[in-house]
Amino acid sequence: MQGNSKSAEEGRSPSSALRAPSPREQGEGEDIAIVGGGIIGICAAAYLTEAGRNVTIFDRTGICEETSSGTAAAFAFSDVLPLAHKGMIRQLPKWLADPLGPLSIPPAYLPKLLPWLFRFWRAGRADLYEASLAAQVGMMRLAEAEWMGLLDRSGTRPMLREDGSLEFYESEAEFRASLPSWAARERFGIGFRHVEGEELAGLQPGLSPRFVKATFVPGWKTVADPKLLGKAVWAYAEGLGARFEKTRIERVDAGQDGATLTLADGTTRRARQLIIAAGAWSHLLAKNLGERIPLETERGYNTTLPKTAFDVKRQLIFSRHGFVITPLETGLRVGGAVELGGIERPPNFARSKAMLEKAKAFLPGLDPAGGREWMGFRPSLPDSLPVIGGARNSASVFYAFGHGHLGLTQSAATGRLIRDLVLGQTPPIDLAPFSPQRF
C-alpha cells in the first residue's frame with residue numbers, strides 16, 4: 001500500500017507552501033538531517049515536512065529495512081508498565097539458566113552489561129516505578145492520538161487492525177500473579193476483561209487446553225505489516241519533499257549554529273539541525289557529542305510463517321514465555337524474547353526455533369514449514385523510557401531513541417514531540433522524564 005499521493009502544497013499549510021528556498025537549494029548544506037531510517041526517523045520526517053521544513057534522512061541500508069521492519073506489528077498503547085516492574089529481576093536466575101528462554105545473556109557479555117543491569121534493578125524501586133508509569137501513560141495517550149491522525153493524513157488507516165489481543169495463563173497461580181499489573185492499567189482507564197472456557201475458545205479457536213485463562217484487551221491494535229506501514233508513511237513524507245540518502249554516518253559534531261556529519265566515504269555534510277534516531281547505534285553518535293547515555297540492545301528474534309500456517313484471529317501474547325504470535329498481511333509472525341548481547345555478536349537463530357517449537361505446542365495444528373528467520377536490535381534504556389530532547393552541549397541537536405520494544409507504538413508521538421522541539425513550540429506532555437540528561 002502506498003502513502004497518500006497528495007502534493008506537498010496540499011499537505012502543508014498555505015504559508016509553508018510558499019516557503020523560501022532551503023539551505024540545500026542555496027548550496028548551504030542540509031536544513032534538517034535525520035540519522036536513522038527506521039520508524040522513529042520516518043515519523044519525525046513526516047511531521048517536520050508537514051511543518052514546511054526540508055528534511056534529509058541518512059541511513060546505511062534504506063527506509064524501514066532494519067529493526068523497524070521485523071517488529072511484532074503492535075500498537076501497544078496499553079503496554080504502560082516499566083519492564084523493571086514486571087517481575088523480570090525475580091525471574092532472571094531461572095531465565096538465565098535456560099539459554100533459549102525468554103531472556104538470555106551470553107556469559108562473555110555479562111561484565112559489560114552489569115552497569116546497565118544495576119540501573120535496571122534500581123528503576124524497579126516503588127517511587128521510580130510510579131514516575132515512569134505516569135510518564136509512560138502520558139506518552140501512550142499521545143501516541144494513540146498522533147498515530148490515528150498520521151494514519152489519516154498519510155492515507156494508511158486501512159493498514160490498521162483493531163482486533164484486540166489475548167494474553168494467556170497456564171495456571172490459576174500465574175493468572176493471580178498477573179492481577180496487580182492489570183489493576184495498575186485499570187487505574188489509567190485501560191479496558192480489559194478476563195476470559196476462560198467457551199469465551200476464550202471463541203476468541204481463538206484451536207488453542208491447547210493448557211491455557212486455563214486469558215485477558216482480552218479490546219483496544220489493542222496491530223498493523224498489516226510494520227515494514228509496509230513504514231514505507232507508506234515515508235512515501236507520504238517524500239511526497240512533501242523529504243529526501244533519503246543511503247550512507248553510513250561515521251561521526252557527528254555540533255556547535256550552537258549547526259552540526260557536521262562525517263559520512264562513510266570521509267566527506268562531510270553540514271546541517272542547521274540534527275536529529276539522532278539511529279536506534280541501537282544512537283548512543284555511539286551521542287558519545288561524539290560528549291553525552292553518555294546507557295543504552296543497551298535487546299536482540300529480538302522471529303520467524304514469519306506463510307499466512308496459511310494457522311488461523312490466528314488477533315495478536316496472541318505468551319508473557320511467561322516471552323513471545324507473541326501476530327497475524328500479518330504478509331504472514332504469521334512468531335517472535336519476541338530478549339537477548340541482551342550488544343550489536344556485534346552474530347545472531348543465535350536457535351532462539352527463533354525454540355519459540356516456533358513452543359508455538360506448535362500452544363497451537364496444535366500449526367504448520368511450521370516455510371518460515372523466514374530474522375533478528376533485530378531493540379534500543380533499550382534501563383527505565384523503559386526513551387530519550388527525547390536536546391543535546392547537552394548544542395542547541396542544534398535532538399535525540400529520539402531508546403524506545404525498546406515500543407518503537408512502532410510511540411513513533412508518531414515522538415515525531416510530534418521532535419517537531420515541537422525543533423520549531424521551539426511547547427510539547428503537549430512534560431518531557432522531563434524523557435530527558436537525555438536524566439541519567
Side-chain angles (χ1 to χ4, degrees), residues 1 39 68-81 140-141 143-152 154-169 178 181-182 185-186 189-208 211 213-230 232-233 302-319 321-336 355 359 362-367 405-412:
M1 175 176 229
I39 193 63
S68 295
S69 70
T71 72
F75 279 159
F77 303 124
S78 62
D79 192 5
V80 296
L81 300 185
M140 289 302 199
R141 287 172 177 165
E144 184 164 14
E146 293 299 330
W147 255 122
M148 296 308 104
L150 182 57
L151 290 172
D152 286 338
S154 61
T156 55
R157 186 174 276 267
M159 302 182 80
L160 179 67
R161 296 179 172 182
E162 301 183 81
D163 302 318
S165 66
L166 277 172
E167 185 164 345
F168 297 99
Y169 315 102
S178 77
S181 69
W182 291 111
R185 293 179 177 95
E186 192 171 27
I190 294 169
F192 60 88
R193 70 176 186 269
H194 305 305
V195 297
E196 58 185 311
E198 292 184 4
E199 185 177 10
L200 173 55
L203 288 167
Q204 181 53 65
L207 277 169
S208 166
F211 299 108
K213 286 187 178 178
T215 302
F216 177 55
V217 181
W220 191 274
K221 300 173 176 63
T222 58
V223 299
D225 183 279
K227 182 174 182 177
L228 295 180
L229 176 64
V233 173
N302 71 46
T303 302
T304 303
L305 301 170
K307 292 172 66 174
T308 55
F310 199 92
D311 184 16
V312 174
K313 302 296 186 183
R314 50 188 48 83
Q315 187 167 81
L316 309 180
I317 302 172
F318 304 94
S319 293
H321 301 273
F323 75 96
V324 304
I325 300 178
T326 313
L328 304 177
E329 177 182 309
T330 50
L332 187 67
R333 182 157 291 168
V334 179
M355 285 186 284
F362 298 166
L363 297 176
L366 175 74
D367 182 357
H405 63 286
L406 297 171
L408 175 64
T409 300
Q410 297 182 339
S411 51

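Numbers for residues simply follow the sequence, beginning at 1.
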message: For a 4.5 angstrom cut-off between non-hydrogen side-chain atoms, does W220 reach I190?
response: no

- line: Rounded to the nearest 0.5 Å, the NZ atom of K221 sits from the CD atom of E144 at a distance of 4.0 Å

- line: When every non-hydrogen atom of T304 is compared with those of T330, the smallest separation belongs to CG2-O, 4.3 Å

- prompt: Looking at side-chain heavy atoms only, is the closest gap between L207 and L363 below 4.5 Å?
  reply: yes

task: Assess whether side chain to side chain contact (heavy atoms under 4.5 Å, CB included) is satisfied between L203 and V195, documenting all intermediate values.
output: CA-CA 9 Å; L203 288 167; V195 297; 4.1 Å; yes

task: Heavy atoms only: give me the nearest P364-G206 pair and the separation to one decimal.
output: CD-O, 3.5 Å

message: Between V233 and L150, is there a side-chain heavy-atom distance shorter than 4.5 Å?
response: yes

Check: Y169 ring centre within less than 6.0 Å of F211 ring centre: no

- prompt: About how many Å separate CZ of R185 and CE of M140, when rounded to the nearest 0.5 Å?
  reply: 10.0 Å

- prompt: Is any side-chain heavy atom of F75 less than 4.5 Å from a side-chain heavy atom of L151?
  reply: yes

- line: Correct closest heavy-atom pair for D225 and L228 would be OD1-N, 3.1 Å

message: Strictly distance-based, threshold 3.5 Å: is any side-chain N or O of R314 a donor or acceptor partner for the main-chain N or O of T222?
response: no

message: I need the S68 OG to K227 NZ distance, nearest 0.5 Å.
response: 11.0 Å

- prompt: Which value, rounded to the nearest 0.5 Å, describes the distance between R157 atom CZ and D152 atom CG?
  reply: 4.0 Å

field: Donor-acceptor side-chain pairing of E167 and T215 below 3.5 angstrom
entry: no

A359 versus V334, closest heavy-atom pair with distance: CB-CG1, 4.0 Å

message: For D367 versus L305, what's the shortest heavy-atom pair and its separation?
response: O-CD1, 3.8 Å

message: Angle between ring planes, F323 versus H321, binned at 30° and 60°: parallel, tilted or perpendicular?
response: perpendicular

- prompt: What distance do Q204 atom CD and S165 atom OG have between them, rounded to the nearest 0.5 Å?
  reply: 12.0 Å

- prompt: Hey, mind stepping through L406 and D79 against side chain to side chain contact (heavy atoms under 4.5 Å, CB included) and telling me if it holds?
  reply: CA-CA 9 Å; L406 297 171; D79 192 5; 4.0 Å; yes

- request: With the side chain counted from C-beta on, respond yes when L328 and K307 share a heavy-atom pair under 4.5 Å apart, and no when they do not.
  value: no

task: Compare all side-chain heavy atoms of F77 with those of T409 and state whether any distance is below 4.5 angstrom.
output: yes

- prompt: Under the 3.5 angstrom rule, does the side chain of W182 hit a backbone N or O of R193 as a donor-acceptor pair?
  reply: no

- prompt: Counting distance only, does the side-chain N/O of N302 pair as donor-acceptor with the main-chain N or O of G70 below 3.5 Å?
  reply: yes

Among F216, F362, F318, ring pair (Phe, Tyr, Trp, His ring centres under 6.0 Å) partner for F168: F318

task: Side-chain contact test, heavy atoms from C-beta onward, threshold under 4.5 Å: evaluate it for T71 versus I39 and give yes or no.
output: no

message: How close do P226 and S69 get, counting heavy atoms only, and between which atoms?
response: CG-O, 3.7 Å

task: Tell me, with the steps shown, if W147 and S411 meet side chain to side chain contact (heavy atoms under 4.5 Å, CB included).
output: CA-CA 8 Å; W147 255 122; S411 51; 3.2 Å; yes

query: Is there side-chain contact between I325 and Q315, with heavy atoms separated by less than 4.5 Å?
result: no

T156 and V223: CA distance, side-chain angles, deciding distance, side chain to side chain contact (heavy atoms under 4.5 Å, CB included) verdict: CA-CA 10 Å; T156 55; V223 299; over 6 Å; no

